[in-house]
Amino acid sequence: MQNLQMVDLKRQYHKIKTEIDTAVLNVIESTAFINGPDVQNFGKELAAYLEVKHVIPCANGTDALQIALMALGLQPGDEVITTSYTYIATVEVVALLRLKPVFVDVDADTFTMNLDGLKKAITPKTKAIIPVHLYGQCVDMEPLLAIAKEHNIPIVEDNAQAIGGTYTFSDGTKKKTGSMGIIGCTSFFPSKNLGAYGDGGAIFTNDDALAETIKMVANHGQKAKYYHEIVGCNSRLDSMQAAILRIKLRHLDEYCTARRAAADFYDSAFKNNHKIVTPYRAPYSYHVFHQYTLQVKGVNRDELQTKLAERKIPSMIYYPVPCHKQNMLKEYGSANLDLPVTNMLQDCVISLPIHTELTQEELSYITTNFLELIG
Ligand SMILES: *Cc1c(COP(=O)(O)O)cnc(C)c1O
């Protein structure tokens with residue numbers, strides 16, 4: 001088996017090469033490199049796709065989260081509740097703004113925020129909640145929105161891993177991930193479900209006033225050019241990335257379907273092995289499988305990874321050290337927090353290749369070898 005990768009961006013590119021190349025060359029020819037029409041149009045098209053009023057494109061997903069928290073006017077020392085079982089960016093921006101990260105555990109089946117833990121973590125100082133739609137699975141938003149409403153706390157969705165996903169409410173209403181909190185954030189890092197050919201990110205909201213503040217924060221705190229009202233930052237999506245993303249957005253649903261088909265293949269191959277727990281699909285969540293993450297039990301995971309690598313099968317641990325144990329957050333003294341599920345998952349998860357171009361032959365090679373190695 002040749003060249004298996006966690007994410008295969010090349011084959012995906014080759015299917016849309018003509019369109020992409022033309023769009024990129026058009027941007028170069030136009031020289032509208034910054035804030036060109038493609039940026040405006042991409043923002044509008046993404047807003048229509050997500051069914052939100054405003055999409056503010058920015059430089060990357062980390063900036064999106066930072067700008068969201070800045071736009072909410074959070075003050076140093078304010079508490080922000082999130083999960084430790086996430087990519088570091090979710091928590092890093094909280095620390096960067098001198099806010100206090102408060103960690104709650106995740107549920108072992110969904111890998112997302114445990115809502116009982118959330119309720120217990122709320123204090124009068126809680127000024128935001130960041131649920132993370134990890135691996136492409138949507139957090140159980142209906143009860144989460146109810147808790148947040150009861151305490152009047154804004155929700156900022158970290159949708160970096162779940163764009164294209166949906167949540168189904170108990171009355172049957174469906175909403176896109178990232179469109180339910182007061183603000184949603186996403187990343188267009190190349191390997192994300194909607195990936196650019198470089199960095200990119202976006203912030204979504206239905207709130208007109210907040211949208212204005214977000215635009216200001218992302219643009220040096222200015223409303224009128226050279227008149228700076230607040231301290232902001234410089235965070236832009238460039239026109240070339242926007243041109244590429246406009247094309248890829250039209251394929252997003254089909255990309256999600258392809259990821260789900262690969263996950264279906266894995267699920268059925270692994271379902272009867274008692275050492276493997278396949279990813280749970282919550283009934284309310286249309287899972288878009290940014291990652292396909294197994295839990296392996298009674299298995300030497302390091303050895304398994306080495307043997308998989310010998311057979312040219314890549315695998316990854318997302319994430320080997322949960323945020324609360326990172327040295328970066330030493331000053332918060334969070335390393336010894338009682339987060340049993342997070343700590344347990346850290347030792348038993350393993351992610352397999354998942355992307356839009358996996359063939360049946362590749363999937364069957366991966367599953368056959370994986371099952372053989374696991375015994
Ligand atoms: C990728 C990611 C981010 C950050 O996005 P960048 O574009 O890399 O800055 C934030 N949160 C989560 C959960 C992510 O997976």
Side-chain angles (χ1 to χ4, degrees), residues 6-7 9 42 46 55-70 80-97 99 101 103-104 106 110-113 128-139 141 155-165 177-178 181 183-204 218 233-238 240-242 244-245 248 256 259 279 285 287-293 316-324 326 328-329 342 345-346 349 351 354-355:
M6 288 301 288
V7 184
L9 296 172
F42 171 64
L46 185 59
V55 166
I56 299 101
C58 67
N60 56 64
T62 310
D63 275 10
L65 289 161
Q66 180 188 327
I67 293 163
L69 296 178
M70 288 170 77
V80 177
I81 301 178
T82 189
T83 41
S84 168
Y85 193 74
T86 178
Y87 180 55
I88 192 67
T90 318
V91 180
E92 186 182 26
V93 295
V94 175
L96 181 72
L97 296 172
L99 310 169
F103 295 111
V104 300
V106 290
T110 59
F111 302 107
T112 61
M113 186 179 277
I129 301 168
I130 312 182
V132 184
H133 305 310
L134 202 75
Y135 302 153
Q137 171 113 279
C138 189
V139 176
M141 290 303 288
I155 292 179
V156 176
E157 293 174 73
D158 184 341
N159 193 33
Q161 298 194 2
I163 195 160
T177 54
I183 301 180
C185 296
T186 204
S187 162
F188 306 121
F189 186 80
S191 65
K192 298 284 157 86
N193 287 22
L194 178 59
Y197 291 179
D199 275 309
I203 307 152
F204 339 128
C233 57
N234 172 26
S235 189
R236 295 184 284 243
L237 179 71
D238 73 68
M240 253 186 253
Q241 300 306 336
I244 291 163
L245 286 165
K248 289 192 68 180
C256 292
R259 286 173 175 275
S285 163
H287 198 317
V288 290
F289 287 97
H290 174 61
Q291 298 299 343
Y292 185 84
T293 303
M316 291 292 281
I317 310 303
Y318 299 115
Y319 298 90
V321 181
C323 297
H324 73 285
Q326 296 285 355
M328 176 201 278
L329 300 174
T342 299
L345 289 173
Q346 167 206 346
V349 289
S351 300
I354 191 138
H355 53 81

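Atoms within each ligand, like the ligands themselves, are counted from 1 in listed order. Note: hydrogens, waters and symmetry copies are ignored here, and every other heavy atom, side chains too, is used.
Between Lys192 and ligand 1, an N or O atom pair is found at a separation short of 3.5 Å. The distance criterion of under 3.5 Å between nitrogen or oxygen atoms is not met by Leu65 with respect to ligand 1.
Shortest contact from atom 13 (C) of ligand 1 to any protein heavy atom: Asp158 OD2, 3.4 Å. Protein heavy atom in closest approach to atom 9 (O) of ligand 1: Thr62 OG1, 2.5 Å. Regarding atom 15 (O) of ligand 1, its nearest protein heavy-atom neighbour is Gln161 NE2, 2.8 Å.
At a heavy-atom cutoff of 4.0 Å, ligand 1 is contacted by no atom of His290, backbone or side chain. Heavy atoms of Thr86 found under 4.0 angstrom from ligand 1 belong exclusively to the side chain.
For ligand 1 and Thr90, the ligand atoms under 4.0 Å from any heavy atom of the residue are 11 (N). In summary, the atoms of ligand 1 found under 4.0 Å from a heavy atom of Asn60, numbered by their order in the structure, are 7 (O), 9 (O). Taking every heavy atom of Gly61 and a limit of under 4.0 angstrom, the matching atoms of ligand 1 come to 4 (C), 5 (O), 6 (P), 7 (O), 9 (O). Taking every non-hydrogen atom of Ala160 and a distance limit under 4.0 Å, the qualifying atoms of ligand 1 come out as 2 (C), 3 (C), 10 (C), 11 (N), 12 (C), 14 (C), 15 (O).
Looking at heavy atoms from C-beta onward, Val106 lies out of side-chain contact with Leu134 at the 4.5 angstrom threshold.
The side chain to side chain contact (heavy atoms under 4.5 Å, CB included) test applied to Ala162 returns His133, Asn159, Thr177, Val288, not counting sequence neighbours.
Of the possible polar contacts, none joining the Gln241 side chain to the Asp199 backbone as a donor-acceptor pair under 3.5 Å is found. With Gln346 contributing its side chain and Pro322 its backbone, the two residues share no donor-acceptor pair below 3.5 Å. Distance alone, capped at 3.5 Å, is enough to place a donor-acceptor pair between the Ser235 side chain and the Ala59 backbone.
To the nearest 0.5 angstrom, Thr62 atom OG1 is 10.0 Å from Ile88 atom CD1.
Here Phe42 and Phe188 bring their ring centres to under 6.0 angstrom of each other.
Considering all non-hydrogen atoms of both residues, Ile244 and Tyr197 come closest at CD1-CD1, 3.6 Å.
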